[in-house]
There are 2 protein chains.
Amino acid sequence: MSELKPGRSFVSAQQVAELAGVSRSAVSRTFTDGASVSETTRKKVLEAADKLGYHVNHLARSLIHEDSGIVCLIGADINTPYHSRLIDAITRRLQAISRVAMVINTSGDSASVEAALRQTLNYRANATIVLSGTPPASLINTCINSGQHVILINRDDHLAGPESITVDNTAAAREAFHMLHRAGCRRIAVVSSNAGTPSLVAREQGFEEAAREAGLAVTIARAGPTGYGAGFEAGRLLLSGSDRPDAAFCVTDLLACGFMDAARVEFGMDVPSELCVVGFDDIEQAGWASYQLTTFRQPIDQIADHISALLEREEIGPATGSRACFHAAPVWRRTVRPK
Amino acid sequence: MSELKPGRSFVSAQQVAELAGVSRSAVSRTFTDGASVSETTRKKVLEAADKLGYHVNHLARSLIHEDSGIVCLIGADINTPYHSRLIDAITRRLQAISRVAMVINTSGDSASVEAALRQTLNYRANATIVLSGTPPASLINTCINSGQHVILINRDDHLAGPESITVDNTAAAREAFHMLHRAGCRRIAVVSSNAGTPSLVAREQGFEEAAREAGLAVTIARAGPTGYGAGFEAGRLLLSGSDRPDAAFCVTDLLACGFMDAARVEFGMDVPSELCVVGFDDIEQAGWASYQLTTFRQPIDQIADHISALLEREEIGPATGSRACFHAAPVWRRTVRPK
DNA sequence: GCAGGCGTTGCACAAATGTGCAATCGTCTC
DNA sequence: GAGACGATTGCACATTTGTGCAACGCCTGC
């Protein structure tokens, strides 16, 4: 089908036109949807293009259209189960609507983050999706001020302009409390991290509030960055005291896995007979036989679908600053005693 | 610092030039390293650029240079712990050398994959990195024929042209056998998947070969796609028979986690006293207290560093079709009995 | 004071593409 | 057969940027 070209560089429409014996415009129109080309020249062009290995240069095309087709994903800790699943779902949706994802990893030092973000603006991304609460607000403002279409996921700070997609963390956290309370738990701990992400804070506060309404106080443990290690350490701290909690709400499944492992391995406790645990996110590991964690499911597919819809609608009108809020449904497994 | 522009569209160098009262060339030179601009005009330009929120359009810049700064990552199952860590490491390195990653998810149906790949070529990516063995070889050939700089990771098929980075799967698998053999295991199973990826096949064969040399036969279980579920199912199949194996080499940590859980939860077996397990990859979960899996570490940082070096060297000369092979070192934890 | 040289600047062209407009070609109808 | 109409095609210009070349201005040295 295709042959190796002599030169190193890419093939241009001009070369295809010469080989096909038509004008460059004809080549351009062949690869433009809805343009007027006769069937015979179209065939000649496609043949020549295939022979030369021609591919339309989107960089040049984007110079003319406003639409570059690039959507930028900004996030930290992208190796986390929740984030990687989110990226998986979003990239798939993007490809389905002929967009392509550019990933900016903000885990590095903040100087490189700034540079990376600038890179993104430089590529005239069609939209910028902020995956987590971690990237600093100043970065997001830079995007907005540059006229970028910004979509925030699970970032409850109320900035004007960008569209936001959230999960009803507060409601879910309240429900989590009632699940544990109904199971008879009274000495309840909240396992969180020192990340201070808006959505994590909302979960902490929602839970605490519901507990207060029920006349209970909760102790909060924050033993490091969000992850397995911090959960394990929090378990060590909370369970070594004299009055052990009989339940824990972990604001993240990773924290929950760490916490459960500390309870079982370090203290020989049984879950759920001695200790009930509720997590959040419903990462894959929550369903593993070793954990069977009762948790709340992040509606990742719904989020991805919504993003897809927002981007498709963008072709027509400008961003509207809409806000979508999805429900996180409980997933009952085996870390909460049945009532 | 920056103001909201009236128009919707991006700011061009022309507008900055007009505001600064200089020629467009001066603006261009201000943002080009090593170009000759006086300090006074440079300052004027930077001021105007900041006021308007100007960012150099890399798409246009890439029309002139060969270098688009875009590096494309192609992979399937990118939500897998191993792949997401790889993506994390690579994106970070890329940003450090002023490149940006474009992620193509090949998990969808093959039609959309083809379309996505075409997209990539369209963006004149600087290089294409193939993360897994799953993308079909025809796609890779399309890349190569289009003059792309292709880097294959852990893909042992011997294509001419692309540079390849591999892990010495065979040696590690052989070592895995000897670890189990030395621990006294004699009825050894290999837990694999039906993916048929070259690196997975190499691990199977390396292990089997070492076993044959030691006069042992191994049984291979392939119970589905590579992942926790297939490992669990393989455990169910292997351990329900009359002569249970006393050890298993799982060609992936995810398989190992599923296998271990099946052994413990479904059959109440103890690891490692009744059953020794060795995995591969050293994903984060392998170090969790519930597993403490003895495994082989994928040298992800070395791989990422090597990619970074290849790309930086590319600026000077063309690709050389080099092959790098890294060692996967054993990580001793607690799923193999000490000798 | 003048010539030479150096640093800076602007013009114009290059890169690859999409598209409006006019010209051309073919076909259909009367 | 001729006119008209519709489909198709090519020209030229647009998008944004980098850069060679020539000109310009300023400073220095004689």
Side-chain angles (χ1 to χ4, degrees), chain A residues 5 7-45 48-49 52-70 118-119 121-126 146-147, chain B residues 5 7-18 20-45 48-49 52-70 118-119 121-125 146-147:
Chain A
K5 299 161 315 304
R8 211 30 213 94
S9 141
F10 279 92
V11 185
S12 76
Q14 183 63 48
Q15 300 172 42
V16 177
E18 281 163 14
L19 179 61
V22 296
S23 79
R24 195 186 53 73
S25 308
V27 178
S28 176
R29 281 188 245 266
T30 301
F31 292 101
T32 306
D33 284 343
S36 165
V37 206
S38 75
E39 203 49 49
T40 61
T41 57
R42 167 183 220 88
K43 201 178 149 197
K44 278 193 291 184
V45 168
L52 293 175
Y54 170 73
H55 296 266
V56 180
N57 188 336
H58 267 45
L59 306 181
R61 176 177 276 184
S62 303
L63 273 189
I64 298 173
H65 297 132
E66 289 293 301
D67 187 0
S68 69
I70 297 174
R118 187 176 298 276
Q119 284 263 26
L121 286 173
N122 290 343
Y123 282 105
R124 299 296 187 256
N126 229 329
S146 300
Chain B
K5 300 163 314 305
R8 217 20 222 100
S9 144
F10 279 91
V11 185
S12 76
Q14 183 64 48
Q15 301 171 40
V16 177
E18 282 164 15
V22 297
S23 80
R24 195 187 53 72
S25 308
V27 178
S28 177
R29 281 189 245 265
T30 299
F31 292 99
T32 306
D33 284 345
S36 165
V37 208
S38 75
E39 202 48 49
T40 61
T41 57
R42 169 184 217 85
K43 203 179 148 198
K44 278 193 291 185
V45 168
L52 293 176
Y54 171 74
H55 294 267
V56 179
N57 189 336
H58 267 46
L59 306 180
R61 178 176 274 182
S62 302
L63 271 189
I64 299 175
H65 297 131
E66 289 293 303
D67 186 0
S68 69
I70 297 174
R118 187 175 298 275
Q119 284 263 24
L121 287 173
N122 290 343
Y123 283 104
R124 299 298 189 255
S146 301

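All values below were derived from every heavy atom in this structure, side-chain atoms included, with hydrogens, water molecules and symmetry-related copies excluded. None of the values given here were measured: they were computed from a predicted structure.
A straight line from CD1 of B/Ile64 to C1' of D/dT17 spans 4 Å, rounded to a whole angstrom. Rounded to whole Å, the distance from CD on A/Gln14 to C1' on C/dG18 is 15 Å. With rounding to whole Å, A/Asp67 atom CG is found 14 Å from C/dG18 atom C1'. D/dT17 atom C1' lies 10 Å from atom CZ of A/Arg124, rounded to whole Å. The distance from atom CZ of B/Arg42 to atom P of C/dT9 is 11 Å, rounded to the nearest whole Å. We find that CD of A/Gln15 is positioned 11 Å from P of C/dA15, with the value rounded to whole Å. Atoms CG (B/Asp33) and C1' (D/dG18) sit 13 Å apart, rounded to a whole Å. Between the CG atom of A/Leu59 and the C1' atom of D/dT16 there is a distance of 12 Å, given to the nearest Å.
Between B/Arg29 and B/Ser36, the closest heavy-atom pair is CD-O, 3.7 Å. Counting all heavy atoms, side chain and backbone alike, A/Ser68 lies closest to A/Ser62 at CA-OG, 3.3 Å. Between A/Leu19 and A/Leu52, the shortest heavy-atom distance links the atoms CD2-CG, 3.9 Å. For the residue pair B/Phe10 and B/Gln15, the shortest heavy atom distance occurs at O-NE2, 4.0 Å.
Residues A/Thr41 and A/Thr30 form no side-chain contact, since every pair of their non-hydrogen atoms from C-beta on lies 4.5 Å or further apart.
For D/dT16, the OP1/OP2 oxygens have no side-chain nitrogen or oxygen of A/Tyr123 closer than 4.0 Å. Note on A/Ser28: every side-chain N or O is 4.0 Å or more away from OP1 and OP2 of C/dT19. Distances shown here put every side-chain N or O of B/His65 at or beyond 4.0 Å from the OP1 or OP2 atom of D/dT17.
Toward the 5' end of DNA chain D, the nearer of the two residues B/Tyr54 and A/Gly21, judged by each one's closest nucleotide, is A/Gly21. Comparing B/Ala13 and A/Thr40 along DNA chain D, the residue whose closest nucleotide (by nearest heavy atom) sits nearer the 5' end is A/Thr40. In terms of position on DNA chain C, the residue among B/Arg29 and B/Ala60 whose nearest nucleotide sits closer to the 5' end is B/Arg29.
Nearest to the side-chain atoms of B/Ser36 among the listed nucleotides D/dT16, C/dT9, D/dG18 stands C/dT9. Here D/dT16 is the nucleotide among D/dT16, C/dG18, D/dG10 with the atom lying nearest to any side-chain atom of B/Asn57. Across C/dC13, C/dT17, D/dG10, the shortest atom-to-atom separation from the side chain of B/Arg24 is found for C/dC13. In this structure, the nucleotide among C/dA16, D/dT9, D/dG10 sitting nearest to the side chain of A/Ser23 is D/dG10. Closest approach to the B/Thr32 side chain among C/dA16, D/dG18, D/dT17 is made by D/dG18 (side chain taken as heavy atoms from C-beta onward). The B/Ser12 side chain lies nearest to D/dT17 when the options are D/dT17, D/dT15, D/dG10.
B/Tyr123 contributes atom OH, which lies 9.0 Å from atom CZ of A/Arg61 (distance to the nearest 0.5 angstrom).
Nucleic acid contact class of B/Val37 (heavy atoms, under 4.0 Å, all strands): sugar-phosphate only. Among the atoms of the strands shown, only primed sugar atoms or phosphate atoms (P, OP1, OP2) are found under 4.0 Å from some heavy atom of B/Ser38. A/Ser62 comes within contact range of no nucleotide atom at all, as no heavy-atom separation falls under 4.0 Å.
For B/Ser25 against C/dC11, a side-chain-to-base donor-acceptor contact under 3.5 Å is present.
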